[in-house]
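Keep in mind that this is a model prediction, so the values were computed, not measured. First the proteins, then the strands, lettered A, B, ... as listed; each starts at 1.
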Number of protein chains: 2
Amino acid sequence: MTKPIPDPRHTLTLRDVSEASGVSEMTVSRVLRNRGDVAAPTREKVLEAARTLGYVPNKIAGALASQRVNLVGVVIPSLSNMVFPEVMTGISSVLDGTGLQPVVGVTNYLPDREESVIYEMLSWRPSGMIIAGLEHTEAARAMLGRAGIPIVEIMDIDGDPIDHAVGISHRRAGRQMAEAIITAGYRRIAFLGTQMPNDHRARKRLQGFEEALGKAGLTLVDREFYSGGSALLKGREMTAAVLARSPDVDFLYYSNDMIGAGGLLWCLAQGLDVPGRIGLAGFNGVELLDGLPRKLATMDACRLEIGKKAAEIIAGKAMPGEKVELFPTLQAGDTIRGR
Amino acid sequence: MTKPIPDPRHTLTLRDVSEASGVSEMTVSRVLRNRGDVAAPTREKVLEAARTLGYVPNKIAGALASQRVNLVGVVIPSLSNMVFPEVMTGISSVLDGTGLQPVVGVTNYLPDREESVIYEMLSWRPSGMIIAGLEHTEAARAMLGRAGIPIVEIMDIDGDPIDHAVGISHRRAGRQMAEAIITAGYRRIAFLGTQMPNDHRARKRLQGFEEALGKAGLTLVDREFYSGGSALLKGREMTAAVLARSPDVDFLYYSNDMIGAGGLLWCLAQGLDVPGRIGLAGFNGVELLDGLPRKLATMDACRLEIGKKAAEIIAGKAMPGEKVELFPTLQAGDTIRGR
DNA sequence: CCAGCGGCTGTTAGCGGTAACAGTAGCAGA
DNA sequence: TCTGCTACTGTTACCGCTAACAGCCGCTGG
């Protein structure tokens, strides 16, 4: 018996393992996948050979042959805003049990980029796709619709899903917050948010918010938008700008918690009476901010739950209707005065 | 000619496009990949057919045949701490130009989990791997070493890389911070950080920090560890605990900016004189926190640059030595008194 | 004593593309 | 006119693995 080591530079295949262990490739395949019956001693021999050779199976070949891919595409707009990491946590926690693996793609809120990310992912023939939002390019919708796999659009349910949707109604969330603010007696209300034409969820919240204001005979007193930069810092700057321009404002509604926190810190530093003289609210319920001197009023977006539900649909653990609506709870915190 | 539409439920292949456009599969393949010469009218016909059918290529088959995969595995411990998203940004910015695509895997600081993530990724035969840290299981190191692709270990250079390493010396970073603190005249110094046995970089920073203290004849006056929870909140709690236990402490060194920020807010709320009575410093230089009332002393970890350099190595745009060391700069902020 | 079955292993034929090579036609230059 | 080249298109042989099926053996039950 000569040294069985072939070309050390050659990447290993099933054949190498089968030769090293004296059985057919098929048997090796069966052992490594724990499929079908293999005699215990044979199994041992094979595992031993695979281990010493350092064999790593080629899933590309496996997937092509079996027409099965254990990947789930997850398409999200951003990783840097605290919200999607938590969705990912929810997804992973459910997928971990199944053999499925999430693969994330980031779009930076650009529709064309989203389209190409989706195309790229579909070309790997995943077992399912999870995509943030209901707004996509025509082509993207078409591709997804034809893919023949479960598609779950997450975060939002104000619209028509391709296949399934799991999320909250941002329109309603905006409305609810407005109602709470009005009930608390605030009347001169301003909005501060992202200037992102493609952040449809922020847009819908504002829409619902204004709708509810309108119903109470109110309109926004002022509004301020930003894009890019440190959210905390932007929150300070925008708040300063709004209060300079409209000194009589008595409530600031922020499109997310991060800028809301910046605004809160600024107000406190100015010695403003929060929530007496002025109230504040954000959106998302990011745990990250729990350590602020005062707790910002917010509304959790059910991120973990959304991730879990979406993953369950992909994994076939849930056979839901077209839309799954979750209901965020308002967390009044310390920045809205008690009625 | 009857309707050429086959089974609408059947996923499309090159053959479908070739039949629809009246050329061979090979020609279709060439058109779709922009490879080789194809007559303009033929190209048009093929593209038209592909478009109307809604054909999405099967990269699994393509990769198997061409032995080329445009994927780069990126293995990181966490997505939720602001540091890796920025590394990802650096990686993407470089990879975007090449045909390469990053695929992230998250390990939650668990070595075994890391090993299995690496195994899973290698089984898709990526063109390269980028992995946080230099500490891996024996098996993981072996797999990576045998994979025959470029491997870049990032963030840290205090150790022996498998192939390439791009990062900073955390030991040195800790030393530098200690020296700055001592120079500024602080003497009773405490450390507050994560209780994570597998956060090797935080460990090395502390090690370098204590080393430098030792050289100046000092030792840590107190130390406090935490795990899990909202970092900002933990920062408050730990700071309160340390100051209750060791009221004479005059400097707090945090293992990251987030808990440092929590501590800073707490100190300010207590009316403590920062940086006169007590100084603070963190680590990472997260832009997120720019909006704090006072700027926390920190050290940027060159995250963007690390991502870029690593991606350049994978993309073959750089042919560096084994280690690429970057040098963080100390940002004194407003929480270390001027000498 | 043999059919039948369960446990185990091997053989064959692809999965859907692409590399490499093999034409074919048209045209320029010798 | 013929050679040789360029531009274009097709044919063939895999890539590494798995589904499906085909043995083979030993044992059980009729």
A.B. asks: Could you tell me the separation between the CG atom of Asn58(B) and the P atom of dG14(C), rounded to a whole number of Å?
C.D. replies: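 After rounding, the reported distance stands at 18 Å.
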A.B. asks: dG16(C) phosphate, OP1 or OP2: any side-chain N/O from Tyr55(B) under 4.0 angstrom?
C.D. replies: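 For dG16(C), OP1/OP2 do not have a side-chain N/O of Tyr55(B) under 4.0 Å.
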A.B. asks: Would you find a donor on one side and an acceptor on the other, under 3.5 Å apart, between the side chain of Asn108(A) and the backbone of Leu110(A)?
C.D. replies: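 Answer holds: no.
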A.B. asks: Could you run down the sub-3.5 Å N/O contacts of the protein with nucleotides 22-26 of chain C?
C.D. replies:
none

A.B. asks: Are Ser66(B) and dT18(C) close enough that a side-chain N or O sits under 4.0 Å from OP1 or OP2?
C.D. replies: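 Checking Ser66(B) against dT18(C): no side-chain N or O falls below 4.0 Å of OP1 or OP2.
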A.B. asks: Report the C-alpha distance between Ser21(A) and Val28(A) in whole Å, list the side-chain angles of each, state the deciding distance to 0.1 Å, and finish with yes or no for side chain to side chain contact (heavy atoms under 4.5 Å, CB included).
C.D. replies: CA-CA 9 Å; Ser21(A) 52; Val28(A) 176; 4.2 Å; yes
A.B. asks: Tell me: CD1 of Ile60(B) to P of dG16(C), nearest whole Å?
C.D. replies: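 Rounded to the whole Å, the gap is 10 Å.
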A.B. asks: Whole angstrom is fine here: how far is it from CE in Met26(A) over to C1' in dT18(D)?
C.D. replies: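 Atom-to-atom, Met26(A) to dT18(D), this comes out as 5 Å.
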A.B. asks: Under 4.0 Å between a side-chain nitrogen and a carboxylate oxygen: does that hold for Lys308(B) and Glu312(B)?
C.D. replies: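 No, Lys308(B) and Glu312(B) are not salt-bridged.
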A.B. asks: With Ile130(A) as reference, evaluate Ile91(A), Val87(A), Val75(A) under the side chain to side chain contact (heavy atoms under 4.5 Å, CB included) test and give the passing residue.
C.D. replies: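 For Ile130(A), the side chain to side chain contact (heavy atoms under 4.5 Å, CB included) check succeeds only for Ile91(A).
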A.B. asks: Which of residues 28-49 of chain A have a heavy atom under 4.0 Å from DNA chain C?
C.D. replies: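 Within residues 28-49 of chain A, the residues near DNA chain C are Arg30(A), Asp37(A), Val38(A), Ala39(A), Thr42(A).
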A.B. asks: Could you state the atom-to-atom distance from CZ of Arg68(B) to P of dC15(D) in whole Å?
C.D. replies: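 Checked: the CZ to P distance equals 15 Å.
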A.B. asks: Is the CG atom of Asp96(B) crowded by more than 12 outside heavy atoms at less than 6.0 Å?
C.D. replies: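 Yes, because the 6.0 Å sphere around CG of Asp96(B) holds more than 12 heavy atoms from other groups.
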A.B. asks: Where the side chain of Asp16(A) meets the backbone of Thr13(A), is there a donor-acceptor pair that is under 3.5 Å apart?
C.D. replies: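 Side chain of Asp16(A) to backbone of Thr13(A): a pair is present.
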A.B. asks: To the nearest 0.5 Å, what is the distance between CE on Met121(B) and CE on Met129(B)?
C.D. replies: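 Here the interatomic distance stands at 6.0 Å.
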A.B. asks: Taking 4.0 Å as the cut-off, does a side-chain nitrogen or oxygen of Gln67(B) come that near to OP1 or OP2 on dG16(D)?
C.D. replies: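 Checking dG16(D) against Gln67(B), a side-chain N or O does come within under 4.0 Å of OP1 or OP2.
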A.B. asks: Roughly, in whole Å, what's the span from CG in Asp16(A) to P in dC17(D)?
C.D. replies: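 About 9 Å, once rounded to whole Å.
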A.B. asks: With nearest nucleotide decided by heavy atoms, which residue, Ser24(B) or Ala65(B), maps closer to the 5′ end of DNA chain D?
C.D. replies: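 Per heavy-atom nearest nucleotide, the more 5' residue is Ser24(B).
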A.B. asks: Expressed in angstrom and rounded to an integer, what is the separation of Leu14(A) atom CG from dT9(C) atom C1'?
C.D. replies: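 So the two atoms are 15 Å apart, to the nearest Å.
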A.B. asks: Here's a test for you: under side chain to side chain donor-acceptor pair (under 3.5 Å), which of Glu115(B), Glu114(B), Arg141(B) qualifies with His136(B)?
C.D. replies: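 Output: one option passes, namely Glu114(B).
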A.B. asks: Using five base pairs at each end, measure the axis-to-axis angle across the helix from dC1(C)-dG30(D) to dA30(C)-dT1(D) and round it to 10 degrees.
C.D. replies: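 For the helix from dC1(C)-dG30(D) to dA30(C)-dT1(D), the axes at opposite ends meet at about 50°.
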A.B. asks: Using modelled atom types only, decide if a donor and an acceptor are shared between the side chain of Ser123(B) and the backbone of Val56(A) within a distance under 3.5 Å.
C.D. replies: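 Here the side-chain-to-backbone pair does not exist.
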A.B. asks: Any Lys/Arg nitrogen of Glu48(B) or Lys45(B) sitting under 4.0 Å from an Asp/Glu carboxylate oxygen of the other?
C.D. replies: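 The answer is no: the pair does not qualify as a salt bridge.
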A.B. asks: What is the distance, rounded to the nearest whole Å, between atom NZ of Lys59(A) and atom P of dG16(C)?
C.D. replies: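 Rounding to the nearest Å, NZ of Lys59(A) and P of dG16(C) are 20 Å apart.
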A.B. asks: Round to the nearest Å and state the distance from Glu25(B) atom CD to dA13(D) atom P.
C.D. replies: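 In whole Å, dA13(D) P lies 15 Å from Glu25(B) CD.
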A.B. asks: Name the residue closer to the 5' end of DNA chain D, choosing between Arg125(B) and Gly22(B) according to the nucleotide with the nearest heavy atom.
C.D. replies: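 The answer here is Gly22(B).
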A.B. asks: May I ask you to decide if Gly99(A)'s main-chain N or O and Asn70(A)'s side chain share a donor-acceptor pair within less than 3.5 Å?
C.D. replies: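 Yes.
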